[in-house]
Number of protein chains: 2
Amino acid sequence: MVERSAHLDAVFHALADPTRRAMLGQLAERELTIGELATPFHMSFAGASKHVRVLENAGLVKRTIRGRTHLCRLEAARLAEADAWLKRYERFWNTNLDRLEALLRAEDEAKARK
Amino acid sequence: MVERSAHLDAVFHALADPTRRAMLGQLAERELTIGELATPFHMSFAGASKHVRVLENAGLVKRTIRGRTHLCRLEAARLAEADAWLKRYERFWNTNLDRLEALLRAEDEAKARK
DNA sequence: GGATCGTTCAACCATGTGGTTTACTATAGT
DNA sequence: ACTATAGTAAACCACATGGTTGAACGATCC
């Protein structure tokens with residue numbers, strides 16, 4: 001009965017840590033190496049490495065090894081999954097969006113009927 | 001430098017567990033007591049109670065005690081915060097939105113230049 | 001009052017977490 | 001060849017997690 005999704009488990013868990021969210025924020029601007037990710041958080045390489053692995057396991061980051069440096073880039077598809085999950089609850093908080101959706105749907109139907 | 005948000009920490013952590021996500025799913029349909037929440041997961045009352053507390057601490061559930069039963073209802077505002085955070089990454093997965101943004105920006109600039 | 005129901009509390013267990021330090025591998029620069 | 005650099009691996013720490021059980025508390029029913 002439990003809605004099982006290892007993806008969502010991993011993604012939400014990865015996002016539950018502020019350091020990791022900040023890392024994603026950095027990666028949204030440009031690709032970064034582990035070292036570049038570690039520096040702003042005055043954290044050891046090994047610490048940053050662990051965080052990156054968590055992000056990687058959640059599918060939020062892809063790594064390409066070039067020489068001795070590991071370049072990390074954001075991979076947002078799994079964020080889309082999380083977003084899709086949240087969307088199911090949108091009606092509970094966003095009445096404006098409800099109206100917008102209704103409006104758009106009405107327009108589409110009008111167009112389809114034209 | 002770390003983007004600090006205890007709210008987001010708590011919300012994402014609460015969502016990282018499939019049992020809790022399922023509980024929210026149940027609560028999206030109707031208010032439920034702790035016992036009603038516990039039953040479908042063949043889990044002890046105390047276990048369910050702990051999960052509910054996590055959801056409560058994250059602000060995702062509000063509890064009203066009536067007599068000896070505790071009624072839980074979904075409180076989606078904090079989900080909206082999580083959604084807002086995710087929105088910042090929407091352009092990475094939604095190329096349609098990319099184009100829309102580019103279009104709007106171009107219009108704005110044209111207007112500013114007029 | 002006594003039994004029962006819904007729930008929490010406290011203790012416990014195994015495991016996971018975020019973080020460190022030290023040691024190691026592998027690439028790069030001189 | 002020597003050394004410095006980028007990163008991982010492993011061991012460790014203090015603490016949180018998800019789960020259990022058993023006792024306790026408060027409200028309800030007879």
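Letters A, B, ... mirror the listed sequences (proteins, then strands); counts begin at 1. Note that this is a predicted model, so its numbers are computed, not measured.
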Measure all distances between protein nitrogen or oxygen atoms and nitrogen or oxygen atoms of nucleotides 27-30 of chain C, and list the pairs falling under 3.5 Å.
| from | atom 1 | to | atom 2 | distance (Å) |
| --- | --- | --- | --- | --- |
| dT27(C) | O2 | Arg68(A) | NH1 | 2.8 |
| dA28(C) | O4' | Arg68(A) | NH1 | 3.4 |
| dA28(C) | O4' | Arg68(A) | NH2 | 3.4 |

At a cut-off of 3.5 Å, list every protein nitrogen or oxygen paired with a nitrogen or oxygen from nucleotides 9-12 of chain C, distance to 0.1 Å.
| from | atom 1 | to | atom 2 | distance (Å) |
| --- | --- | --- | --- | --- |
| dC9(C) | OP2 | Arg53(B) | NH1 | 3.1 |
| dC9(C) | OP2 | Arg53(B) | NH2 | 3.0 |

- Task: May I have the step-by-step check of salt bridge (charged side-chain N to carboxylate O under 4.0 Å, His left out) for Glu90(A) and Arg88(A), ending in yes or no?
- Result: CA-CA 6 Å; Glu90(A) 215 163 33; Arg88(A) 293 169 29 195; over 6 Å; no
- Task: Verify side chain to side chain contact (heavy atoms under 4.5 Å, CB included) between Arg21(B) and Phe12(A), making sure each step is shown before the conclusion.
- Result: CA-CA 11 Å; Arg21(B) 285 200 305 278; Phe12(A) 281 131; 4.0 Å; yes
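Between Leu37(B) atom CG and dG19(D) atom C1' there is a gap of 17 Å when expressed in whole angstrom units. Atom pair Arg20(B):CZ and dG18(D):C1' shows a separation of 8 Å (rounding to whole Å applied). Taking atom NE2 of His42(B) as the reference point, atom P of dT21(D) lies 13 Å away to the nearest angstrom. Rounded to an integer number of Å, the gap from Asp9(A) CG to dT17(C) P is 11 Å. Distance Leu15(B) CG to dT17(D) P: 15 Å, rounded to the nearest Å. Computed from coordinates, the Ile65(B) CD1 to dC5(C) C1' distance equals 16 Å when rounded to whole Å.
Proximity note for Phe45(A) (side chain, C-beta onward) versus dT20(D), dG19(C), dG7(D): the nearest is dG7(D). Between dG19(D), dT8(D), dT17(C), one nucleotide has an atom nearer to the side chain of His13(A) than all others, and that is dT17(C).
In this structure Glu31(B) satisfies the side-chain hydrogen bond (donor to acceptor under 3.5 Å, both in side chains) test with no other residue, sequence neighbours excluded. Remark: Gln26(B) engages no residue in a side-chain hydrogen bond (donor to acceptor under 3.5 Å, both in side chains) (not counting sequence neighbours). For the side chain to side chain contact (heavy atoms under 4.5 Å, CB included) test, residues two or more places apart in sequence or in another chain that qualify with His13(B) are Ala16(A), Arg20(B), Val54(B).
A donor-acceptor distance shorter than 3.5 angstrom exists from the side chain of Tyr89(A) to the backbone of Gly25(B), with no hydrogens or angles considered. Formation of a donor-acceptor pair under 3.5 Å by the Thr69(A) side chain with backbone atoms of Ile65(A) is not found in this model.
For Arg78(A) and Glu81(A), the salt-bridge test passes: some basic side-chain N is under 4.0 Å from an acidic carboxylate O. One finds no salt bridge joining Glu56(B) and Lys62(B) here, because no Lys/Arg side-chain nitrogen approaches an Asp/Glu carboxylate oxygen to under 4.0 Å.
Put simply, SG on Cys72(A) and CG on Leu37(A) are 5.5 Å apart, with the number rounded to the nearest 0.5 Å. Expressed to the nearest 0.5 Å, how far CG of Leu60(B) lies from CG of Leu27(B) amounts to 10.0 Å.
Residue Thr69(A) has no polar side-chain atom (N or O) positioned under 4.0 Å from OP1 or OP2 of dA6(D). Between dT8(D) and His70(A), a contact under 4.0 Å exists linking OP1 or OP2 to a side-chain N or O.
Taking every heavy atom of residues 27-35 of chain A and every atom of DNA chain D, pairs under 4.0 Å involve Thr33(A), Ile34(A), Gly35(A), by number.
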